[in-house]
J.: 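I'd like to ask some things about the structure below.
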Amino acid sequence: MCVCIFSTDCKLNLNMPRSPSAAHSYQHGCSRMTLENSDLWKSFHSIGTEMIITKHGRRMFPHCSVSVTGLQPFTNYVIMVDMVPVDSFKYKVQSNQWEVAGKAEPQPPCRTYTHPDSPATGTHWMKQSLSFLKMKLTNNTLDQHGHIILHSMHRYYPRFHVVQADSPYTVRWGSFQTFSFPETVFTAVTAYQNPKITKLKIDHNPFAKGFREGGTHSHKTYFKVSCLQRTPSTSQSVQEQKNQASSRQQPLKG
DNA sequence: TCGGCTCACACTTTTGAACAGT
DNA sequence: AACTGTTCAAAAGTGTGAGCCG
């Protein structure tokens with residue numbers, strides 16, 4: 001469920017860490033937020049993170065996953081994310097490098113993604129890391145699904161809010177704590193511009209495995225391979241594949 | 001002509017329902 | 001009856017290239 005609670009005052013809460021070399025954990029009052037997959041984010045950040053946005057909404061990769069400590073155990077909190085423009089420029093790729101292409105387009109409607117567990121007690125938030133895997137990004141300004149609306153070829157970073165509130169509808173009156181991480185800055189694109197990003201994503205994102213070999217040609221190549229694996233039709237070979245698959249998944253289930 | 005956007009494609013992974021076993 | 005584990009089909013999600021559009 002997504003609730004739009006911000007308007008033009010988004011930047012008032014801006015708490016962007018100043019130094020890119022800052023630690024990946026930030027303290028705010030007595031509570032503290034840590035970026036879980038910080039190393040992965042840093043890998044992408046080092047070559048210039050790009051996030052695909054589509055008309056129907058696309059998940060982020062790497063996705064936002066954080067852990068929180070220092071909350072009051074029995075108090076209810078709502079945890080949200082919104083996207084903040086890094087600067088007021090639009091970018092383009094010129095000879096494999098991002099360059100400023102002019103002034104940014106007017107900001108789309110500012111939306112927030114509320115963590116589906118919200119509201120929950122401090123104990124709940126602190127017992128495990130919080131994944132925003134299902135958050136989707138779109139370039140469709142008329143989007144009705146509550147996805148985060150961004151402009152292509154613009155730079156953003158996710159900003160996390162921990163709000164003391166009993167429901168997503170009462171966050172206006174709660175006390176805000178805002179966190180962000182320098183390595184999560186990304187450029188919104190409708191198609192990847194940097195092949196290094198593509199490679200890194202394919203290496204880490206299981207959904208992209210079918211495209212590992214790259215290009216249309218690879219579709220055929222991959223299809224042939226998968227046919228060879230599947231057509232033997234002996235239940236044993238199928239079972240072996242399943243066993244391998246399940247053994248791969250076991251640590252995750254655990 | 002060019003750069004950005006959309007769509008179909010063929011694949012993998014995830015999810016959830018149905019079923020069997022304890 | 002309740003719980004746990006397994007199987008299977010459907011849904012969701014992925015990057016790419018071709019073609020469209022401004």
Side-chain angles (χ1 to χ4, degrees), chain A residues 2 37 40 43-44 47-65 89-106 108 113 116-117 131-156 186-231 233-254:
Chain A
C2 292
N37 42 2
L40 186 58
S43 304
F44 279 91
I47 51 178
T49 312
E50 295 173 17
M51 291 288 175
I52 291 284
I53 56 175
T54 66
K55 190 177 174 182
H56 300 291
R58 184 79 101 174
R59 286 183 178 180
M60 295 177 75
F61 192 88
H63 69 272
C64 296
S65 183
F89 299 114
K90 185 179 181 178
Y91 291 82
K92 66 176 179 181
V93 173
Q94 198 78 40
S95 56
N96 294 328
Q97 281 195 323
W98 285 102
E99 291 180 359
V100 172
K103 205 178 165 186
E105 290 176 34
Y113 175 84
D117 289 358
S131 171
F132 293 88
L133 178 69
K134 304 222 168 174
M135 178 169 66
K136 287 185 176 180
L137 310 178
T138 181
N139 58 348
N140 182 8
T141 51
L142 301 175
D143 174 73
Q144 299 290 312
H145 299 95
H147 302 329
I148 305 269
I149 302 171
L150 303 178
H151 280 313
S152 180
M153 315 309 269
H154 288 59
R155 282 186 179 161
Y156 299 90
F186 64 88
T187 309
V189 295
T190 55
Y192 288 122
Q193 309 293 321
N194 183 352
K196 287 180 184 172
I197 290 289
T198 310
K199 188 181 178 307
L200 204 53
K201 285 208 176 184
I202 288 174
D203 285 347
H204 290 87
N205 192 343
F207 279 109
K209 275 182 183 169
F211 301 92
R212 254 183 196 156
E213 305 296 323
T216 313
H217 182 70
S218 73
H219 291 188
K220 290 171 185 168
T221 311
Y222 195 92
F223 184 61
K224 276 183 185 173
V225 171
S226 70
C227 280
L228 282 173
Q229 286 178 338
R230 288 180 179 184
T231 44
S233 75
T234 61
S235 58
Q236 190 186 354
S237 65
V238 173
Q239 193 58 46
E240 276 175 12
Q241 283 181 41
K242 284 182 180 173
N243 289 343
Q244 284 172 5
S246 64
S247 66
R248 276 200 307 271
Q249 287 178 356
Q250 257 176 349
L252 291 174
K253 284 179 181 175

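Being a predicted model, the structure only gives us computed values, none of them experimental. First the proteins, then the strands, lettered A, B, ... as listed; each starts at 1.
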J.: Rounding to a whole Å, what distance do you find between A/I197:CD1 and C/dT14:P?
T.: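 In whole Å, C/dT14 P and A/I197 CD1 are 15 Å from each other.
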J.: Among C/dG13, C/dT16, B/dG4, which nucleotide has an atom closest to any side-chain atom of A/M153?
T.: B/dG4
J.: On DNA chain B, check which nucleotide each of A/K134 and A/V189 is closest to and give me the residue with the more 5' one.
T.: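 So the residue in question is A/V189.
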J.: Rounding to an integer number of Å, can you tell me how far A/F61 CZ sits from B/dT13 C1'?
T.: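 The distance from CZ of A/F61 to C1' of B/dT13 comes to 13 Å, rounded to the nearest Å.
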J.: Whole Å only: how far is the NE2 atom of A/H151 from the C1' atom of B/dC5?
T.: 15 Å
J.: Applying side chain to side chain donor-acceptor pair (under 3.5 Å), name anything that partners A/K201, two or more places apart in sequence or on another chain.
T.: A/Y192
J.: Can you measure A/L137 atom CG to B/dC5 atom C1' for me and round it to whole angstrom units?
T.: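 It works out to 16 Å between those atoms.
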J.: Taking salt bridge (charged side-chain N to carboxylate O under 4.0 Å, His left out) as the test, write out the residues that go with A/K55, two or more places apart.
T.: none
J.: Give the residues of residues 49-57 of chain A touching DNA chain C, defined as any heavy atom closer than 4.0 Å, sorted by residue number.
T.: none
J.: Taking any heavy-atom pair under 4.0 Å as a contact, classify A/K136: base, sugar-phosphate, or nothing.
T.: sugar-phosphate
J.: If the cut-off is 4.0 Å, is A/N139 near the phosphate of B/dT6, judged by side-chain N/O to OP1 or OP2?
T.: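 Answer is yes, contact under 4.0 Å.
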J.: Could you pull out all residues at least two apart from A/K90 that satisfy side chain to side chain donor-acceptor pair (under 3.5 Å)?
T.: A/E105
J.: With sequence neighbours left out, write down each residue that passes side chain to side chain donor-acceptor pair (under 3.5 Å) with A/N37, or none if nothing qualifies.
T.: A/W41
J.: From C-beta outward on A/T198, which listed nucleotide comes closest to its side chain: C/dT16, B/dT6, C/dT14?
T.: C/dT16
J.: Return the nearest nucleotide to the side chain of A/Q193; candidates are B/dC5, C/dG15, B/dG4.
T.: B/dG4
J.: Between atom NZ in A/K90 and atom P in B/dG4, what is the gap in whole Å?
T.: 8 Å
J.: Using the closest heavy atom to pick a nucleotide of DNA chain B for each, name whichever of A/R59 or A/K92 lands nearer the 5' end.
T.: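 Residue closer to the 5' terminus by nearest nucleotide: A/K92.
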J.: Using atom CE of A/M60 as one end and atom P of C/dG13 as the other, report the distance to the nearest whole Å.
T.: 15 Å
J.: Keeping A/T190 on the side-chain end and A/I53 on the backbone end, is there a donor-acceptor pair under 3.5 Å?
T.: no
J.: Enumerate the salt bridge (Lys or Arg N to Asp or Glu O under 4.0 Å) contacts for residues 189-200 of chain A, please, sequence neighbours excluded, ordered by first and then second residue.
T.: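 Every salt bridge (Lys or Arg N to Asp or Glu O under 4.0 Å) pair that includes a residue of residues 189-200 of chain A, provided the two are not neighbours, is A/K199-A/D203.
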J.: Rounded to the nearest angstrom, tell me the gap between atom NE2 in A/H63 and atom P in C/dT14.
T.: 11 Å
J.: Give the rounded distance in Å between these two atoms: CD of A/E105 and P of B/dG4.
T.: 12 Å
J.: Could you tell me whether the side chain of A/N194 and the main chain of A/I47 form a donor-acceptor pair under 3.5 Å?
T.: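 Present.
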